[in-house]
Amino acid sequence: MSGDPRVRIEGVSHRYGAVAALEDVSLDIADGEFVTLLGPSGCGKTTLLRIVAGFERPSAGRVLLAGEDVTGRPAHKRATNMVFQRPTLFPHLDVFANVAFGLQVAGVGKADQRARVREALELVRLEGYERRRSHELSGGQMQRIALARALVNRPKVLLLDEPLSALDLKIRLDMEVELRRVHRETGATFVYVTHDQREAMALSDRIAVMNAGRIEQIGAPTDVYRRPTSVFAAQFVGDANVLPVDVVEAGDEESTVQLGDTRHQVRCPRPQPGPAWLVLRPEAVEMRAGTPEETPGTLQGIVRDVAFRGTGFGCRIELPALGAQVKAEGRGATPPFDVDDEVGIDWRPESCWLLPRERGDDTPPPPVTSEPESDPAQARA
Amino acid sequence: MSAVAEPPAASPARAPAPRERGLRLGPVLLTLPAALTLLLFLIAPLAAFAVYSFLTGSLYEVSGPLTLENYREIAQSELNRKLARNSLIVGLLAAVSSVVIALPIAYWLRYTTSRAKTLVLFLIVASFLASYLVRIYAWRTILGAEGVINSGLGALGIVDEPLTFLVFNRFAVTLALVHIYLPYVILVIYAGLGPLQPAYLEAAQDLGAGWVQRWRRVVLPAVAAPVGSALLFVFVLSAADYVTPQFLGGTASVMIGVQVQVAFQGTGDYAGGAAISFALLAGFLVCYGLVALGLRLARLDRLRFAS
Amino acid sequence: MSPGRFTGLVTVAGMLFLWLPLLVVVLFSLHTTASLSFPFDGFSLRWYERISESPEVRAAARNSLVVATSTALVTLVLATLAAYGMSRSRSRWRAPLSLLFFLPITLPGLFIGIALLIAFSRLEYSLSLVTVTVAHLVYVFPFFFLLARAALERLDPALEEAAADLGATGWTIFRRVTLPQVWPVLVGAACLAFALSFDEFIITFFVVGPDPTLPLFIWSSLRRTIDPSINAISTLLLAFTVLLFVVTFALTSWGERRRRGTVDPLVLTGAQEPR
């Protein structure tokens, strides 16, 4: 039915023994979209992907592909294909036989196989590699062959489980460009899993931020970045300074918050009066040199660390009056501050965001460290 | 097996004499005692054994000039051909049966997440240690006309007459041989499946392969080498067996190993026995060669799986 | 990739197939009557009493113990040295030596037994427990060598290099760095060697002298009468070797756990590299 989304995940929950990996997750993915499931290890993103692929059966809920309920269908009967974290090319077959594997299983004729394999290899820019063996290929090449092996079957939905996490940084950046191009050229629906928020923002049409088995926020990368709906999302997607403030005046367009001794304007419509979290991205922090007298209305701080980063610099500033630390970033070849300099911190009203806070909750949770998620089922084997 | 990194050569700053590095210099010398022992007590006797086959034997002695007479007799002997054929059949049956039974068991062991896995492994390795003779004896008492099966069936009233087809035939011999070698074959194939991570099977399944296709295209090629070596191992040891056919085989299924044993301890024809043995050995070598060649040609002999 | 129900069923059937015959032997060793068929008349320990009183059984058991112990000890020394030498060397002799060391496994016992028989008769050395021990040595060697070499190759070479850098020479390195890490596996392999020697029949048949080992004794008993006393001896033989295995397994597990914190059966048997 043409109105159905390409992938619909409906109320999916999953438990491994006593552990709840997914709790009532629902998501619709449109045809041709590039959606990323982003989160730290253990958040359930890989489990969800494997449920869509058909390797796990959810404890509750349904999975529909183009309107058809496939929840009970095993992986080899679904019109999805997956690219795994490790290339898993079959070592006893050459590149041609690897890429043609799905075609051979489906009984496609030899001539068709050759044509389609060539097409797939061209797509990943590895023409002529048919006779090579997997041990002759580099990590990046192997993943591209794995991609070709999946795409040669012309799946409507391509599932990718952290395919770049095992590659070196430079190769990863190149592969991101390749992936975007392949997505454009094939028009297939991509469902991507990663813990790397930078990758997620670079690749996706929409990002689903996941935490502890639930989707915390879904939206376009800019939305998730500029308007996080939770402290977790704020800290996981990009770097964030999260400061406890009190809303003293709630206006329609601008509001006023109190932070220590100073008051600041925030462009955030109709917040609740009372305690709130102020989310401030490092690049939005403005630093003014000088003593408190020279910089009225700013938060007083002392520079504790300065790091040069090629394209700019990063600073860590301690705010002794508040007992907090703030990260700042700026452009420019030479950082304008040294360690132990006194500075005043400020920001523009439109460069920050407010989130609800419980009274008495003064310390933001520490940012979650993210590592490639090892799938529990794999780890057991 | 990981290659052991060679220790760095003596650095110019310290330049110790080679002796100072002790074992580093000639570690291979440590193998000398073992090598000499085996040369003395295996290779030399086998060489003598080979020479015997070219002499003339009579009454526990050998004598005379070198001759090919023994081999000519073997080639012409009707009896030997019959025995060889029987041994070949039993060997093949035992080998193929062991492998066919072992494959699903090894697969289960490799990919199960059940806690029973340790128990099953324990059972397999423990049964590996049961003495050969105890097993033969066990099957004899079970399959015999007054054995466990027959008396059990009789007591339950299922049969009136004992089933005589159970023992003293090729079936009984093969059954006992499979019982003996099955644990080894399971362990060899289980070890062979080690590098085949579940991700490969999932990848195959994702590409549309049901279990038949997965076995045909991924599992079997992955274990082709271990399966080949297991087949050879069971075939060679079964074909040359001389105790099992005597105990469980009856008169119709004598095997060639028995002939050899009789030659050495019965008639005393050392030279003839030696000739049969070496003809057998030559046959086995040909089999080893064929299997190795086959694996090499199919490029299944040295697969490297990504970790 | 969870295995399906079919493979699970075959596994259960396989385990039954392997163990039921052995358990039948055990069962009838406790039979009150001399019959080896159903119906089962009741339990009794008379056969065990009979064999424990028999001087021949005791002598055969003692012979087996002597042979197995000697085999295990000599193999321990020879094979450990050989495995250590092979694993620390890059010599081009490694390939032919490997072939030599694994040769006994590939040869049917018939050949090894007869070859040794010929050798001893040529040298006019009369058959005795010594000749049996020699034969067992040859037979058991590849098993021990395999386990020892696997364990030695799994060790981190950096540890020995560090010791050498600190001035230790060969024997010291072996004693203070290598041995403390691998001794559980070596003891386990020695137990395996012991068990294999204790059970051995096919080769022993040809080189045994006037003093029989326990399996040989069982064989000659079979020639006389078949009664449950044979079951009793067989059960004891079985129980002894299985017990030995349990001890071996516990020892090598403990050794692995000390080293790595987890136990992987494949790694224990030397069949696979730890991940």
Side-chain angles (χ1 to χ4, degrees), chain B residues 1-2 4-7 22-23 27-28 30-31 33-35 37-38 41-42 44-46 48-49 52 101 104-105 107-108 111-112 120-121 123 126-127 129-134 137-139 141-142 146-148 151-152 155 182 191 194 198 201-202 236-237 240 242-243 257 260 264 277 307, chain C residues 1-3 7-8 10-11 14-15 18-19 21-22 24-25 36-39 78-79 81-82 84-91 93 97 100 104 108 110-111 114-116 118-119 122 134 138 153 157 161 164 169-170 195 199 201-202 215 218-219 234 237-238 241-242 245 265-266 271-273:
Chain B
M1 310 285 179
S2 58
V4 176
E6 259 312 41
L23 284 172
V28 89
L30 289 175
T31 63
T37 311
L38 284 178
F41 292 117
L42 183 63
L46 282 175
F49 197 9
Y52 269 43
I101 300 175
I105 300 180
Y107 186 88
W108 183 88
Y111 298 108
T112 187
V120 172
L121 269 173
L123 286 177
S127 86
L129 294 171
S131 171
Y132 174 89
L133 202 55
V134 169
Y137 174 64
W139 284 108
T141 61
I142 291 175
E146 273 141 53
V148 168
S151 60
L182 186 65
L201 297 177
E202 282 181 356
V236 166
L237 294 184
Y242 66 91
V243 180
V260 175
F264 271 88
S277 304
S307 54
Chain C
M1 196 82 275
S2 265
T7 51
V10 176
T11 305
M15 295 307 103
L18 285 180
W19 279 95
L22 301 174
V24 163
V25 170
L36 288 171
S37 17
F38 284 123
L78 289 181
L81 282 177
Y84 190 66
M86 287 284 273
S87 66
R88 299 290 177 269
S89 152
R90 283 248 159 126
S91 157
W93 288 105
L97 278 174
L100 175 65
L110 181 70
F111 293 174
I114 294 186
L116 281 171
I118 291 180
R122 203 86 226 139
V134 167
V138 170
E153 286 192 349
E161 286 173 7
T169 55
D199 280 341
F201 175 73
I202 303 194
I218 298 179
W219 171 258
S234 303
L237 186 56
L238 187 64
T241 39
V242 172
F245 166 65
L266 272 183
Q272 190 176 77
E273 283 298 309

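Sequence lines set the chain letters: A, B, ... in the order given, protein chains first and strands last, and positions in each chain run from 1.
For C/Trp19, the CH2 atom counts as densely surrounded, since its 6.0 Å shell holds more than 12 non-hydrogen atoms of other residues, nucleotides or ligands.
Here the side chains of B/Leu42 and C/Pro104 are in contact, with some heavy-atom distance below 4.5 Å. Two residues are said to be in side-chain contact when any heavy atoms from C-beta on lie closer than 4.5 Å; C/Ile218 and B/Tyr137 fail this criterion.
B/Val236 and C/Pro108 get closest at one heavy-atom pair: CG1-CG, 3.6 Å. A pairwise comparison of heavy atoms in B/Ser277 and C/Phe111 identifies O-CZ, 3.4 Å as the closest pair. Looking at every heavy atom in both residues, C/Pro215 comes nearest to B/Leu133 through O-CD2, 3.0 Å. Of all non-hydrogen atoms in C/Val10 and B/Pro104, the two that sit nearest each other are CG1-CG, 3.8 Å. Looking at every heavy atom in both residues, B/Ala240 comes nearest to C/Leu110 through O-CD2, 3.6 Å. B/Pro45 approaches C/Ala115 most closely through the heavy-atom pair CB-O, 3.3 Å.
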Discussion item. Before you tell me yes or no, could you show the steps for C/Phe201 and B/Val243 under side-chain contact (heavy atoms from CB on, under 4.5 Å), namely the whole-Å CA-CA distance, both residues' side-chain angles and the distance that decides it to 0.1 Å?
Written reply: CA-CA 10 Å; C/Phe201 175 73; B/Val243 180; 3.6 Å; yes
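Of the possible polar contacts, one joining the B/Tyr242 side chain to the C/Ile202 backbone as a donor-acceptor pair under 3.5 Å is found.
Proximity to chain B involves both the backbone and the side chain of C/Val138, based on heavy atoms less than 4.5 angstrom apart. At a 4.5 Å heavy-atom cutoff, the contact between B/Leu129 and chain C is made by backbone and side-chain atoms alike. Contacts of C/Leu116 with chain B are made by both backbone and side-chain atoms, with heavy-atom separations under 4.5 Å. Using a 4.5 Å cut-off between heavy atoms, C/Met86 touches chain B through backbone and side chain atoms alike. Both the backbone and the side chain of C/Leu18 have a heavy atom closer than 4.5 Å to some heavy atom of chain B. For B/Ile142, the part lying under 4.5 angstrom from a heavy atom of chain C is the side chain only. Proximity to chain C (any heavy atom under 4.5 Å) is restricted, for B/Thr37, to the side chain, taken from C-beta onward. Within the 4.5 angstrom heavy-atom criterion, atoms from both the backbone and the side chain of C/Leu100 approach chain B.
Contacts with chain B were tallied for C/Leu81, C/Asp199, C/Thr241, C/Val242; C/Asp199 has the most, counting heavy-atom pairs under 4.5 Å. Looking only at heavy-atom pairs under 4.5 Å with chain B, the residue among C/Ser234, C/Pro21, C/Gly8, C/Ala119 that has the most is C/Pro21. If you tally non-hydrogen atom pairs under 4.5 Å between each of B/Pro33, B/Ala126, B/Ala48 and chain C, the highest count goes to B/Ala126.
One finds the CG atom of B/Leu123 at 11.0 Å from the OG1 atom of C/Thr11 (value rounded to the nearest 0.5 Å). Atom CD1 of C/Ile114 is separated from atom CG of B/Leu46 by 11.0 Å, given to the nearest 0.5 angstrom.
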